[in-house]
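Residue numbering restarts at 1 for every chain, and letters A, B, ... go by the order of the sequence lines.
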Amino acid sequence: MERDPAGSMFDTDELVINMGPQHPATHGVLRVVLKLDGEKVVDADVVIGYLHRGVEKLTESRDWTQIVLLTDRLDYVASAAANLAYVETVEKLMSIEVPRRARYLRTILAELQRLASHLVWLGSHAMDIGAITVFLYCLRERELILDLFEEFCGARLTYNSLRIGGLPQDIPSGWLPKVLRFCDVQDEKLVEYETLLTHNRIWLQRTRGIGVISGEAAVAVGLCGPTLRGSGVGRDVRKDEPYAAYAEIPFDVPVGASGDTYDRYLVRLEEMRQSTRILRQAVEGLPEGPVMAKVPRLIKPPAGETYHANESPKGEIGFFIASDGKSTSPYRLRVRPPSFCNLQALPQLVRGHLVADVIAIIGTIDIVLGEVDR
Amino acid sequence: MAENDQNPTGSGAPRPPAPAAPAKAAGAAKAEKAPPAPPGPPDPPPPADLAVPAFLEALQAALPGAVAQLSYFVGDWTVIAAPGRLHDLAAHLRDAEGARFDYCSDATAVDWLGRPGPRFDLVYSLYSTSLRHRVRLKARVDDGEASPSLAALWPAVNWLEREIFDMFGVRFEGHPDLRRILMPDEWQGHPQRKDYPLEGPGELIMERPQDWLRLGQSIRESEIE
Amino acid sequence: MIDLIVLPLIKIVFVLTGVLITVMYLVLLERKVQAWVQARLGPMRVGPHGVLQPVADVVKLFIKEDLTPARAEKWVFTLAPIIVLVPALIAFAVIPFGPEVNLFGRPVPLYITDLNVGLLYIVSVAALGVYGIILGGWSSNSKYPLLGSLRSSAQLISYELAVTLTFVSVILASGSLSMVQIVEAQRQNGVWFAFVQPVALFIYAVGALAETNRNPFDLPEAESELVAGFHTEYSGMRFALFFLAEYTNMIVVSAVATTLFFGGWLRPFPNVEALWFLGFVPAWIWFTLKTFVLLYVFLWIRATLPRYRYDQLMALGWKWLIPLAIANIVVTAAVKVVLGS
């Protein structure tokens, strides 16, 4: 770190600026050390670990069922996605067949969660770039989603909404019409957000050509989710390795063209539209039946290892679980965090841009520090 | 909370199992049981009636002796590398026509403390965006042994290997920037090893708030240098 | 004697009090308008519908601890906010709130003074405010405020040029630099200069947003950007003065716009006899109404638009607005020659 003895403030050497860990726009406790040449970023070093809670080690002394609670707190903006990925990994390990109704309900919960996460993303991204009203509008719609979740599982943020083998309880009566009504409201309000941002000249100037990464570079550096799809790579775990009820519900996966911030923005907006499409189809086609498979009281998967991935709103969330077949805790549980892998690309994305763009780029990667640090 | 290491079902031995544990005599009346199997992944071989994917056959043909074992479990294929052959296998899997694993989903390690042989299992999960198939690549590394870094093949592995180093202490040769990532830079010990306590190392637990202040000051001073 | 000293003094007291109270309530209005745009309510607790919120804010700022950073230049640090606030306040000396009215038997013009170079006075006084910003950032003796103040002052100076050039075209249209004469010219022409000089109005609007450091040109002081701006190290009363200065600038800018482009104290359609009943509304109320509509537009824009990046902001000012303003002057002059009047 440079010091400033009097007189050296106007040196034209490189300036090292620390952004964070407390900063209104880093979406959590993230520290980015920027090396600047005037206003241009020459290099960036990302320092994480401020929110490291040792979740992976904690799981080694928790019950298989209790771990669902821990997965809530990874990406706390999209808890149901991590819940789903975890229970599906254990179900894969135990070769449990989840009933069809449960799979459809899980899809509904996952898509509602995707919408909630993208709304937070849109709101905070727009607010960082200056359009503060969009944040309040997005949170207004998110309230509706949180109300739906609260009716279902009692919680607004960390849901603990899934169990190994299905769902803990069936949906309450009157819930499905509310979901449909929410879809209508959401589609209507999405038009509002688009009016404020998509063709706004200032928005275009702040996001076009910012943080460009090519498709091959994105795949090589391990990007996932909408961050990867904005660069033209059509990878979506829901299509490539379908889980829950995604194999039975048709939908499109939007892919961007130029890999800049604007394309990632468009990709996520289109994903929100597709989410309401999936929701409607899932609600229409919801089969009757049990919501829980026949699962032993005490979960004890056989010895073995497996990896299973889902498409969380941030990207590919995977769980690698090694079970030793004997104990009631996993031997090793590894979370493959999409935000961690996406954040890795930050130095590459900000190089050559101005300081004000760093904020926009952090917003477009869409990270949640709970997932990055675990 | 002193008791944060809860085991509510009451079963399960406290981690880690004592190294080189002899057979536990369950009682004088019982016949002497066989010693418990040492910890380690079962790595079951593929069932005889299942066809090995073409790219794996090509792999074994192109690099004879590099694959120590093939394993198949609940739909996942795993390639276990022979000692020292990890990098060749990885390069082949990335570049070969039928494989084309251009995307490294995940890299992690598992600590099999007490296993005869190398202690750690390095696990790389690979995916091909063009051919849409997956494979897992495993290598065995011993405590203190270094493994070749795959960061040159997949830049995605950079931070993932840093985390393995941070949490398990496995060094990677050829890694561009091997330093701790989640724990503070001057932390001693590797938290996710099985012999590292869940509550953290006792001697660094601060009993008095003034000690926290002093720790913060010393860190700040060392940063300002 | 009365006309020379007592009357102006009374007017000054009125104007100052009025401006300061307006500024206080403008802050509240901003919070309320932003809230309503954002589907929420804004301050509601202090007084009915938050009406006493400004009082609470003033009390809070007064009783805050007086912090001066250890390495700051103490006197300049205290002087800087004053240098920003005073020019903003003294600009009101030439703003005409209304025509001459008969009060207690004497004709009293509803402006403090009518300089025959009133517009020039406003421009010069506004330029003085920039010194305060530079001094504020420099005297904090810290990297980020310095960078922020340099950026902010560069932004202000660039957009001042554009704004002053629009004034030139208004002067061409009205034939005088005096604020009162400009309003008179609009009354004689029977049409507001907003319709005669729409390009100048547009440039002035953009320039006004940049001059007052308002969204979309508020990068130097936005809180989600990296460099927090020249008032980072300021707190309590000194910060209050910066804050006051910003809002006072907003009011000055809106009042000048009202005078130059929207007919000042004139009622809408001043020469249309059929609307004579509009004349029942006193002139200064028309002026105040128009100024408030313009202030509302300020708030509205802040709630809606994203923020420009600094280099885009500067490019806009230098590459677009200044050439456009110069072109506008040329066209106005040509039209005047052609029309011969």
Side-chain angles (χ1 to χ4, degrees), chain A residues 1 3 45-50 52 54 56-58 60-63 66 92-95 215-217 219-224 228 233-235 240-241 298 302-309 316 318 320 322 324-329 331-332 334-336 340-341 343-345 348 372-374, chain B residues 4-9 11-15 36 39-44 71 73-76 78 102-112 121 123 125 127 129 132 134 136 138 153-160 163 166-167 180-185 191-192 194 196 198 200 223-225:
Chain A
M1 300 275 278
R3 285 250 119 176
D45 182 27
V46 183
V47 180
I48 57 175
Y50 291 92
H52 179 65
E56 294 180 6
K57 196 166 174 84
L58 276 173
E60 291 168 16
S61 49
R62 295 281 180 284
D63 243 355
Q66 289 178 314
K92 179 176 173 186
L93 203 52
M94 292 173 73
S95 306
E216 301 85 48
V219 168
V221 84
L223 288 181
C224 51
L228 175 64
V233 180
R235 160 145 176 80
D240 298 334
E241 296 158 286
L298 198 61
E305 303 173 325
T306 188
Y307 175 85
H308 178 71
E316 175 187 334
F320 171 78
D324 66 358
K326 296 192 297 275
S327 78
T328 48
S329 317
Y331 188 81
R332 163 96 172 104
R334 148 90 185 161
V335 185
R336 189 267 184 198
F340 181 88
C341 300
L343 193 56
Q344 208 179 165
Q348 200 171 340
V372 171
D373 293 338
R374 286 152 284 139
Chain B
N4 50 6
D5 190 21
Q6 307 201 11
N7 224 324
T9 58
S11 65
R15 298 264 170 272
D43 284 332
S71 169
F73 183 61
V74 293
D76 299 339
T78 308
D102 52 357
Y103 189 77
C104 180
S105 275
D106 191 24
T108 185
V110 190
D111 180 9
W112 297 103
D121 252 0
V123 181
S125 295
Y127 178 79
T129 53
R132 309 217 179 156
R134 274 196 189 276
R136 201 176 306 142
K138 285 219 286 197
L153 295 174
W154 295 287
V157 158
N158 188 320
W159 274 22
L160 295 165
E163 184 176 342
D166 189 4
M167 293 287 130
R180 288 186 181 271
I181 188 167
L182 292 176
M183 305 304 291
D185 284 336
Q192 280 195 279
K194 289 291 182 183
Y196 193 94
L198 182 63
E223 271 186 359
I224 284 172
E225 293 315 299

Checklist entry - Between A:R334 and B:E163, is the closest basic N to carboxylate O distance under 4.0 Å? => result yes
Checklist entry - Do A:R235 and A:D240 meet the salt-bridge criterion of a basic N to acidic O distance under 4.0 Å? => result yes
Item to check | Contact origin within B:Y196 toward chain A - heavy atom pairs under 4.5 Å | outcome: both
Checklist outcome for this item: If one checks every heavy atom of B:D102 against chain A at 4.5 Å, the contacting part turns out to be both
Checklist entry - Is there a salt bridge (Lys or Arg N to Asp or Glu O under 4.0 Å) between A:R332 and A:E305 once you walk through the steps? => result CA-CA 9 Å; A:R332 163 96 172 104; A:E305 303 173 325; over 6 Å; no
Checklist entry - Side chain, backbone, both or neither: which part of B:L153 has a non-hydrogen atom closer than 4.5 Å to chain A? => result neither
Item to check | Gap separating the CG atom of B:L160 from the SG atom of B:C104, nearest 0.5 angstrom | outcome: 6.5 Å
Checklist entry - Does the ring of A:F320 carry B:R136 above it, NZ/CZ under 6.0 angstrom from centre and within 45° of its axis? => result no
Checklist entry - Can you check side chain to side chain donor-acceptor pair (under 3.5 Å) on B:R134 and B:S105, steps first, answer last? => result CA-CA 9 Å; B:R134 274 196 189 276; B:S105 275; 3.2 Å; yes
Next on the checklist: Please classify the contact of A:Y307 with chain B as side chain, backbone, both or neither, using a heavy-atom distance under 4.5 Å.
Outcome noted: both
Checklist entry - For B:D166, is it the side chain, the backbone, both or neither that has a heavy atom under 4.5 Å from a heavy atom of chain A? => result neither
Checklist entry - Roughly how far, to the nearest 0.5 Å, is the CG atom of B:L182 from the CZ atom of A:R374? => result 5.5 Å
Item to check | Greatest number of heavy atom pairs closer than 4.5 Å to chain B - which of A:V219, A:L343, A:D373 | outcome: A:V219
Item to check | Ionic contact status for A:E241 with B:R132, cut-off 4.0 Å | outcome: no
Checklist entry - For A:E316, is it the side chain, the backbone, both, or neither that has a heavy atom closer than 4.5 Å to a heavy atom of chain B? => result side chain
Checklist entry - Is chain A contacted by the side chain of B:T78, its backbone, both, or neither, given a heavy-atom distance below 4.5 Å? => result neither
Checklist outcome for this item: Turns out that what part of A:V372 lies under 4.5 Å from chain B's heavy atoms comes down to backbone
Item to check | Residue A:E216 versus chain B: region with a heavy atom under 4.5 Å | outcome: neither
Item to check | Contacting moiety of A:L223, where chain B heavy atoms sit under 4.5 Å | outcome: backbone
Checklist entry - So which part of A:S95 gets closer than 4.5 Å to some heavy atom of chain B, the side chain, the backbone, both or neither? => result side chain
Checklist entry - Of the listed residues (A:R336, A:H308, A:E56), which shares the most heavy-atom pairs with chain B below a 4.5 Å separation? => result A:R336
Next on the checklist: Angle between ring planes, A:Y331 versus B:W112, binned at 30° and 60°: parallel, tilted or perpendicular?
Outcome noted: parallel
